[in-house]
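Each remark here refers to the structure printed beneath this line.
What you are looking at is a predicted structure, and each value in this text was computed from that prediction instead of being measured.
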Amino acid sequence: MSACKIRFGTDGWRAVIADGFTVERVKQVAQASAQVLAATFPGDHIVVGYDHRFLSEQFAAEAAAAVAALGIPVHLSQGAAPTPAFSWAVRQQGSHGALVITASHNPPEYSGMKVKGSFGGSIGSDLTQQIEQILEQSTLPMAHPSPAPITSFDPWPDYCAQLSRHVDLEKLRRSPAKVWVDVMHGSGAGGMARLLGSHVEERRANRDPLFGGYAPEPLPKALAETMQMIAQTPHPLKVGLVFDGDADRIAAIDGQGRFLSPQILIPILIEHLAERRGWRGEVVKTVSGSELFRKVADRYHLPVTETPVGFKYIAERMMTTPVLLGGEESGGIGYLNHMPERDAMLSALYLLEAVADTGLDLSQIYATIQNQVAYHSVYRRRDLRLLDPLQPHRLLQQLHQDPPQALLGQPVLRHFSQDGHKFSLGDGSWLMIRGSGTEPLLRLYAEAEDLDRAEALLNWAETWATP
């Protein structure tokens with residue numbers, strides 16, 4: 001194991017199929033994870049689920065057999081489903097936790113495993129370190145004399161029943177909005193149709209392990225056809241919703257066919273839940289999220305907490321205090337009265353409810369919010385792939401040792417270094433540089449008063465990283 005160590009990123013372990021991600025390694029990680037879950041959380045079995053990636057059901061079957069060999073009963077999904085469906089199954093069934101074969105939004109050549117605790121969310125760094133130590137020391141438990149049973153189950157009915165408790169589905173079905181859902185060939189396929197029937201039109205619902213040649217991440221470059229189709233379809237009120245590969249992250253498309261990032265959706269969701277639902281609670285944002293989240297929360301006198309990137313940090317906060325909404329820059333959003341887990345389908349239902357209640361396009365709702373809080377910013381993110389997998393670490397170390405005191409003529413007022421490096425500048429703009437937890441690349445983020453300024457900050461960062 002030491003020649004190529006298994007390491008957990010911001011949400012689970014991921015590697016390239018047939019390289020780092022092999023059947024033998026899946027079995028080893030499954031057993032180590034099961035050992036930690038069973039020792040940490042109450043329960044009488046472990047849930048194993050999977051997504052639509054290449055060989056996912058076979059990897060899941062191998063993981064289930066490896067866990068059962070330890071004498072721990074397994075509930076194995078009979079089909080692909082969203083990761084939050086398995087997180088809910090853990091809570092519904094009283095399980096130690098779940099192992100989900102998925103690489104989420106990573107490129108098609110990747111697979112991975114997410115590990116969920118009995119509370120229905122991703123386990124923290126303390127437990128992933130225990131798993132890594134077991135793998136490093138090759139101290140996997142001995143096989144049980146008689147393997148435990150593996151029971152097949154369907155996660156969809158209980159999951160859909162839970163989602164239906166949060167919204168009036170009949171009201172959404174009566175909404176005049178025309179709704180499209182682009183599931184990007186992922187495991188969210190069929191989900192919204194189960195809830196809303198023919199009121200939604202699904203796109204790219206067929207299984208394609210190559211995801212149409214794109215990583216199944218809700219970004220404009222992979223959504224051009226859907227954006228164009230929505231723009232060209234005549235209808236007075238239109239909504240496009242987009243899920244990532246395992247349907248725990250969301251983006252959207254407005255009636256003009258324009259991409260709406262989570263930086264736009266999260267303020268809409270905060271405003272909707274606080275204004276029309278009348279809910280109260282803390283707003284939790286990751287350090288890479290827009291400052292507009294804070295502005296909207298302040299308008300409703302909601303406290304705000306900022307965390308490092310990774311929904312597990314938001315989940316930790318959700319388990320200790322009432323959190324109205326916890327949202328990360330990449331579209332993972334969790335909610336009060338649900339579970340400490342990001343959930344794209346619940347986000348979609350709340351967005352449709354906001355449209356149904358206001359009769360407005362999502363972009364119109366967003367523009368109203370910007371005017372109310374007098375904050376009109378432009379947010380941009382850029383991924384910088386580097387050939388040397390060690391280069392991101394070296395560059396981040398360089399920023400730690402010698403951080404800039406000014407950027408593009410503006411003084412650095414605050415340097416946040418808990419997760420990557422975020423530089424808040426004198427004109428209210430900011431730049432953040434951090435490494436990916438799952439791929440050899442740098443993620444660059446910027447927010448400024450206009451597009452030119454935001455792009456200039458990203459250009460500075462890219463030039464600095466690749467002179």
Do [X] and [Y] make the cut of ring centroids closer than 6.0 angstrom?
| X | Y | answer |
| --- | --- | --- |
| His52 | His185 | no |
| Tyr445 | Trp430 | no |
| His96 | Phe41 | no |
| Phe416 | Phe423 | no |
| Tyr335 | Tyr350 | yes |

Does the side chain of [X] pick up a donor-acceptor pair with the side chain of [Y] at under 3.5 Å?
| X | Y | answer |
| --- | --- | --- |
| Lys116 | Ser122 | yes |
| Glu341 | Ser87 | yes |
| Glu275 | Tyr300 | yes |
| Asn459 | Arg382 | yes |
| His376 | Glu449 | no |
| Ser56 | Asp51 | yes |
| Asp343 | Tyr159 | yes |
| Ser330 | Arg249 | yes |

Ignoring hydrogens, what is the shortest heavy-atom contact between [X] and [Y]? Give both atom names and the distance.
| X | Y | value |
| --- | --- | --- |
| Ile369 | Pro267 | CD1-O, 3.7 Å |
| Arg91 | Pro340 | NH1-CD, 3.7 Å |
| Val90 | Gly117 | CG1-O, 3.3 Å |
| Ile17 | Pro108 | CD1-O, 4.3 Å |
| Pro308 | Tyr313 | O-CD1, 3.6 Å |

*Hey, is Asp361 close enough to Lys238 for a salt bridge, meaning N to O under 4.0 Å?*
no
*Hey, what do you get for CZ (Arg53) to CG (Leu210), rounding to the nearest 0.5 Å?*
10.5 Å
*With side chains defined as the heavy atoms from C-beta onward, is the minimum distance between Ile333 and Leu269 less than 4.5 Å?*
yes
